[in-house]
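Not measured: the values here are computed from a predicted model.
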Amino acid sequence: MTGLYYLLVIGLGALVPVQTAANGRLRGLVQSAWVTTLISFSVSSLVLAVAGAAAGMPLLPTEPRVEEAPWWCWCGGLIALLTITAYMYLFRELGMLQATILPIAGQLVFSLVIDHLGLFRAAQIGLTPLRALAALLLLVGTALAIARPGQSKAAPEHKLRTHVLQALGVGSGCLLASMGAIYGALGRALGSAAQASACSFIIATAAMLLCCVAAGLIGRVRRAFVGGQPWWMWLGGIVGAVSVFGTAWLLPQLGAGAFFMLLLMGQMLLSLCIEWRGWLGAERRSLKPAQGAGALLMLISIAMIRL
């Protein structure tokens, strides 16, 4: 069964670049990251509600179950709002590869902290010297994988801006690691990963709806329904629903470190292919030997973290 869990998490990781590209295309159409997030989360909430109804699951948990969940368990969807918005911005500014690898590197490193300290009621797994070395190798591999020719010749202000954006990518990954652990804790408290996912998305969708109304952006939703758009533009919300359900279900089974290790593997492999082949509207870029070496180093560090 553990082997099946591994394959499922790798599959979840491979879905993340698809979500990033789909939301990036939708953002270009509606010209607002907030409206894009609202549409994506609305689709996710609808998918989870329909799936729950089909399975005979009540949409909302019972009062005793709600009382068992600590207050921070209900913040997962709000954290998702921040990270999805950051992903769309990074995708536009840094490209598919960096927008995928930087956050997941932050995820994996912070997941080791979550494991070591047992944060968010996660199972406590000590930080061994081997796991610490693996984290260091991961950071080196990440630096190689995102390297671009001519980057060192860029103007100082451009390099500073790039470094700030890259730090934002890593920071959003730390938030994602927290979000995953929070989803897992809420799933355990409610006794249902599906119900935890649905509740988190409904809360987040309501919050983003209020933001869009307050900012006078709600009218832009109509732009998403103009004709001639690719079908995969709507995959962001569907993938989001699958990813959150999968996280709430699988992270408690494997622990944060192993979960995000496998997630990184799936994300990295597909994001490299998307950028190399120019799939899903991404800018097509050739892969350099240093990037291949960085990807290999990241995979080695991932295997070490699992030991």
Side-chain angles (χ1 to χ4, degrees), residues 1-16 19 37-38 40-84 107 111 114-115 118-125 175-209 235-260 262-263 266:
M1 181 61 75
T2 302
L4 176 60
Y5 288 161
Y6 286 178
L7 292 176
L8 289 174
V9 178
I10 291 173
L12 285 180
L15 289 176
V16 172
Q19 182 185 30
T37 305
L38 172 63
S40 180
F41 273 55
S42 297
V43 172
S44 298
S45 299
L46 180 61
V47 169
L48 289 168
V50 170
M57 179 197 74
L59 182 61
L60 300 177
T62 60
E63 185 175 345
R65 287 289 191 179
V66 172
E67 292 175 352
E68 289 180 18
W71 67 267
W72 47 263
C73 278
W74 305 100
C75 297
L78 301 178
I79 295 175
L81 289 177
L82 297 175
T83 55
I84 292 296
Q107 262 184 295
S111 71
I114 292 174
D115 274 352
L119 300 178
F120 308 112
R121 298 185 178 180
Q124 192 166 3
I125 304 173
L175 286 176
L176 280 168
S178 303
M179 182 182 70
I182 288 170
Y183 282 147
L186 183 59
R188 291 192 298 271
L190 299 183
S192 169
Q195 198 173 60
S197 305
C199 288
S200 296
F201 266 109
I202 290 171
I203 292 171
T205 302
M208 185 51 68
L209 176 61
L235 288 179
I238 298 173
V239 168
V242 173
S243 296
V244 172
F245 170 74
T247 299
W249 171 38
L250 294 169
L251 190 144
Q253 310 295 330
L254 300 176
F259 178 87
F260 288 115
L262 294 163
L263 200 72

So which atom in Cys73 and which in Ala185 form the shortest heavy-atom distance, rounded to 0.1 Å? SG-CB, 3.9 Å
How close do Ala196 and Leu190 get, counting heavy atoms only, and between which atoms? CA-CD1, 3.8 Å
CD1 (Ile203) and CE (Met208) are apart, to the nearest 0.5 Å, by 14.0 Å
According to side chain to side chain donor-acceptor pair (under 3.5 Å), who are the partners of Ser45, at least two apart in sequence or on a separate chain? Thr205
Find the distance between OG (Ser197) and CD1 (Ile202) and round it off to the nearest 0.5 Å. 10.5 Å
Nearest 0.5 Å, what's the CG-CG distance between Leu12 and Leu7? 11.5 Å
Which side chain to side chain donor-acceptor pair (under 3.5 Å) pairs, counting each pair once, include a residue from residues 65-74, with sequence neighbours left out? none
Side-chain contact, heavy-atom cut-off 4.5 Å: Val47 with Phe201? no
Separation of Ile182 CD1 from Thr247 OG1 (nearest 0.5 Å): 12.0 Å
Looking only at non-hydrogen atoms, find the nearest pair between Ala207 and Leu81 and report the distance. CB-CD1, 4.2 Å
Contact check, side chains of Leu46 and Ser42, non-hydrogen atoms, under 4.5 Å: no
Can you tell me how far the OG atom of Ser200 sits from the CE atom of Met179, to the nearest 0.5 Å? 9.5 Å
Rounded at 0.5 Å granularity, tell me how far CD1 in Ile238 sits from CG in Leu48. 11.0 Å
Nearest heavy-atom pair of Cys199 and Pro61: which atoms, and what distance? SG-CD, 3.5 Å
Are any of the side-chain heavy atoms of Phe120 and Tyr183 separated by less than 4.5 Å? no
Where Gly77 and Phe41 come nearest, the two heavy atoms and their spacing: O-CE2, 3.9 Å
